[in-house]
Amino acid sequence: QVQLVESGGRLVQAGETLRLSCVASGRTSSIYTMGWFRQAPGKERESVAFMILSDGSTYYADSRKGRFTISRDNAKNTMYLQMNSLKPEDTAVYYCAASLIVAHTAPQYTYWGQGTQVTVSS
């Protein structure tokens, strides 16, 4: 089992920067992919970015490329999502997820955090 706990979400103004954290615990050595997803009210959950832990390679949804950066501190078992130049349309609940395999889409992830709310005001 893997447990994930996100933090860092809050209310910010458009243009500001925010960093989300996701702490993993449990059988973290079995994790192959970790990702960030988000879900806005009335919309489907969508991928933001993910990282293959074995080689640190990262992948971003096209609309987030350039503004968002995913990173990881192995010593702390923590994954981060740095979000720059935030826009009101970035408002959503952001979820951290972990998979034991290569995972590109939400159904491929086994473990999920509880989510952290990010609200961007205009």
Can you tell if the side chain of [X] reaches within under 4.5 Å of the side chain of [Y], non-hydrogen atoms only?
X	Y	result
E16	V120	no
M79	S71	no
W36	L20	yes
Q82	T17	yes
M34	L4	yes
T33	L53	no
E44	E46	no
S21	E6	no

Query raised in the report: Under a 4.5 Å side-chain heavy-atom rule over Ile, Leu, Val, Met, Phe, Trp and Tyr, are Y94 and V23 clustered together?
Result: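 Y94 and V23: separate clusters.
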Query raised in the report: So if you build clusters from Ile, Leu, Val, Met, Phe, Trp, Tyr with side-chain heavy-atom gaps below 4.5 Å, do Y80 and L18 land together?
Result: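 No; tracing contacts between hydrophobic side chains, which count when under 4.5 Å, never links both residues.
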How long is the gap from [atom1] on [X] to [atom2] on [Y], to the nearest 0.5 Å?
X	Y	atom1	atom2	value
Y111	R27	OH	CZ	7.5 Å
N84	F68	CG	CZ	8.5 Å
I70	C96	CD1	SG	8.0 Å
T78	R72	OG1	CZ	7.5 Å
R67	K87	CZ	NZ	4.5 Å
S57	M51	OG	CE	8.0 Å

Can you give me the closest heavy-atom contact between [X] and [Y], atom names plus distance?
X	Y	result
R38	A92	CB-CB, 3.9 Å
S121	L11	CB-CD1, 4.2 Å
M83	L86	CB-CD2, 3.7 Å
S122	A14	CA-CB, 4.3 Å

Query raised in the report: Side chains of T119 and Q117: do they bring a donor and an acceptor to under 3.5 Å?
Result: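 A donor-acceptor contact under 3.5 Å links the two side chains.
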Query raised in the report: Using a side-chain heavy atom cutoff under 4.5 Å and only I, L, V, M, F, W and Y, what cluster partners does I52 have?
Result: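 Same cluster as I52: Y32, F37, F50, Y59, V93, Y95, V102, Y109, W112.
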Query raised in the report: Does Q114 CD have over 12 foreign heavy atoms under 6.0 Å away?
Result: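 Counting neighbours around CD of Q114, more than 12 heavy atoms of other residues, nucleotides or ligands fall under 6.0 Å, so yes.
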Query raised in the report: Step by step, would you call V5 with C22 a side-chain contact (heavy atoms from CB on, under 4.5 Å)?
Result: CA-CA 5 Å; V5 178; C22 172; over 6 Å; no
Query raised in the report: Is a side-chain donor or acceptor of S30 paired with a backbone partner of T28 at a separation under 3.5 angstrom?
Result: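 Checking the backbone N and O of T28 against the side chain of S30, no donor-acceptor pair under 3.5 Å is found.
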Query raised in the report: Can you check side-chain contact (heavy atoms from CB on, under 4.5 Å) on L81 and T69, steps first, answer last?
Result: CA-CA 6 Å; L81 182 67; T69 303; over 6 Å; no
